[in-house]
Amino acid sequence: MSQADRPFGNRRRFLGATGGMAAATMAALAAGLGRSGRMFAAEPPALPIADAHSHIGLISSYVPRVSLKEQMAAAGVMLLSWSIVGDGRWIAGTSSGIVQRSTPANGEQTRYLRQKLGEMRRYLDSVGLAHARDPSDIDAARGGEPRVVIALEGAGFADDGIDTLEQLYTDGLRHLQLVHYIRNGLGDFQTEAPQHDGLTDLGANVIRMCNRLGILVDLAHATNPAIDKALEVSTVPIIWSHSAITTTQYTWRQNGGLARRLYIDYAKKIAQRGGAVGLWSLKSGLFRDVEGYAGELMRMVDAIGPEHVMFGTDLDGVGKGAGMLDDLGDLRKVADALLKRGMDEKTLKAVCFENYARCLRAAMAARQA
């Protein structure tokens, strides 16, 4: 860890809860746990969990062996952003990060996305797991009924025609990340030299349509100028679903893990507009285990406020062996670690569930008839 990436300022300890309150909360959590440490599904979890960015089972194959519904219920994960990699067919991993390996033909991204979205919906139907459609689903998740948020990482389909977005909404899409790893007509991303000076008119129009339809906009992977323009355009809070906050300004010339970090000034801008920033599970100089992940979340809360930090694990997306979370149950371990470190109950609930739920609900509620 560089000196610049050590604590953002003076550590503010989360000791607002008395020892009795912390003990009571721990007891409430423990009441729902079996000997394995997994949450039973019979009752709503005392502390629901939301993950703003996950690919679990979409890249590796462990979801089919144990249904996603069972995994969510066991861990108390009540709201899961399950993200399709929209440019997955055209990217490849290298020693320095993920790069574009080919260019999609006209219409190819849209066809690929519709195929993947259809597969996702059929799987959810087969295991009896509902996907979030409107604010009532957020309330249901808070009350102990698990919901999957159908999400997309990379909106390159818009190059084929922006009107596709309306059909995707009908098909269940509720969370859209604008850019990922291939060049597109929407805007610049962190791991390649910029071409568009930020966000294009097409990218701005996609944001406006998301606002109108009720789809949450996600700026992860976007460059700083693209963030500025997106925040100017959007009428509802926008999130940054996954990576880590840094006080060093990295550029596309750094390796992917560093280039993908979010500069502190832009994390604050997202927070000031009501949004939230998610922490991914990639092992780094910042953390390498559950305790370190919990500590980084607390550092983020210090930096941008308790209402603007959330889980955004990128589970199954950071690469085999590169992540420090193995499954959804590890998020429960993080919640326990935060509590043991003295995080007060209100902040704990915000970080573990409410911040992502609030941003998603706000986007959904802004839908125009």
Side-chain angles (χ1 to χ4, degrees), residues 52-56 58-59 81-94 96-105 108-117 120 149-160 162 164-165 168 173-196 198-200 202-203 206-207 210 215-227 229-230 238-244 250-252 254-262 266 277-278 280-282 312-319 322-323:
H53 190 76
S54 177
H55 301 288
I56 184 168
L58 298 177
I59 297 172
S81 175
W82 207 23
S83 187
I84 297 166
V85 182
D87 55 7
R89 181 173 288 173
W90 302 278
I91 60 178
T94 70
S96 59
I98 298 173
V99 298
Q100 182 171 350
R101 64 179 178 83
S102 60
T103 300
E108 196 172 9
Q109 289 185 80
T110 300
R111 289 191 295 274
Y112 178 77
L113 169 58
R114 296 295 300 278
Q115 173 194 335
K116 293 299 180 183
L117 196 151
M120 176 179 281
V149 183
I150 295 178
L152 172 63
E153 188 166 32
F157 69 87
D159 285 336
D160 301 329
I162 193 173
T164 300
L165 189 53
L168 295 176
L173 183 69
R174 294 297 182 273
H175 176 158
L176 179 63
Q177 180 182 308
L178 297 182
V179 296
H180 194 220
Y181 281 115
I182 69 170
R183 294 195 179 279
N184 59 76
L186 288 86
D188 296 320
F189 53 100
Q190 292 170 301
T191 50
E192 292 288 347
Q195 289 184 318
H196 304 295
L199 196 70
T200 67
L202 176 61
V206 167
I207 292 174
C210 284
I215 297 173
L216 177 64
V217 174
D218 184 349
L219 297 178
H221 288 258
T223 61
N224 292 344
I227 294 171
K229 181 63 175 179
I238 291 179
I239 68 167
W240 179 282
S241 63
H242 64 291
S243 75
Y250 296 110
T251 74
W252 63 272
Q254 270 80 39
N255 70 51
L258 292 177
R260 280 281 295 108
R261 294 186 186 181
L262 176 63
Y266 283 83
V277 177
W280 63 3
S281 61
L282 181 69
T313 63
D314 204 8
L315 193 63
D316 205 12
V318 295

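Just so it is clear, the structure is predicted and the values come from calculations on it, not from any experiment.
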Checklist outcome for this item: Contacts of Arg101 meeting salt bridge (Lys or Arg N to Asp or Glu O under 4.0 Å) (sequence neighbours excluded), chain-then-number -> none
Distance from [X] atom [atom1] to [Y] atom [atom2], nearest 0.5 Å?
X: Phe157; Y: Thr164; atom1: CZ; atom2: OG1; value: 6.5 Å
X: Ile227; Y: Lys229; atom1: CD1; atom2: NZ; value: 14.5 Å
X: Ser243; Y: Trp280; atom1: OG; atom2: CH2; value: 5.5 Å
X: Leu58; Y: Lys116; atom1: CG; atom2: NZ; value: 8.5 Å
X: Leu176; Y: Leu152; atom1: CG; atom2: CG; value: 5.5 Å
X: Asp314; Y: Ile56; atom1: CG; atom2: CD1; value: 12.0 Å

Return the minimal non-hydrogen interatomic distance between [X] and [Y], and the atom names on each side.
X: Arg183; Y: Ala193; result: NH1-O, 3.1 Å
X: Leu186; Y: Leu178; result: CD2-O, 4.1 Å
X: Ser102; Y: Trp90; result: OG-CD1, 3.2 Å
X: Val179; Y: Gly187; result: CG1-O, 3.9 Å
X: Ser54; Y: Thr313; result: CB-OG1, 4.5 Å
X: Thr223; Y: Gly198; result: OG1-CA, 4.2 Å

Among residues at least two apart in sequence or on other chains, which ones pass side chain to side chain contact (heavy atoms under 4.5 Å, CB included) with [X]?
X: Thr94; result: Ser96, Val99
X: Arg114; result: Thr110, Gln167, Leu168, Asp171
X: Ala230; result: Leu199, Ile207, Leu219, Ile238

Item to check | Verdict with supporting geometry, Thr103 and Ile182, side-chain contact (heavy atoms from CB on, under 4.5 Å) | outcome: CA-CA 8 Å; Thr103 300; Ile182 69 170; over 6 Å; no
Item to check | Pair listing, side-chain hydrogen bond (donor to acceptor under 3.5 Å, both in side chains) test, anchored in residues 184-193, at least two apart | outcome: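 Output for this query lists Gln190-Arg260.
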Checklist entry - Would you say the ring centroid of His180 lies under 6.0 angstrom from that of Phe189? => result no
State, yes or no, whether a side-chain contact exists between [X] and [Y] at a heavy-atom distance under 4.5 Å.
X: Leu117; Y: Ile84; result: yes
X: His175; Y: Glu153; result: no
X: Arg89; Y: Glu108; result: yes
X: Ser83; Y: Gln177; result: no

Item to check | Contacts of type side chain to side chain donor-acceptor pair (under 3.5 Å), residue Tyr112, not counting sequence neighbours | outcome: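 Once residues adjacent in sequence are excluded, Tyr112 has no partner under the side chain to side chain donor-acceptor pair (under 3.5 Å) criterion.
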Checklist entry - Got a donor-acceptor contact below 3.5 angstrom from the Ser281 side chain to the Gly323 backbone? => result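 No, the answer is negative, given that no donor and acceptor are paired below the 3.5 Å cut-off.
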Item to check | Donor-acceptor contact present, side-chain Trp252 to main-chain Gln254, <3.5 Å | outcome: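 Absent.
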Next on the checklist: Checking side chain to side chain contact (heavy atoms under 4.5 Å, CB included) between Cys210 and each of Val217, Leu173, Leu216, which is the one that passes?
Outcome noted: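 One option only clears the test, and that one is Val217.
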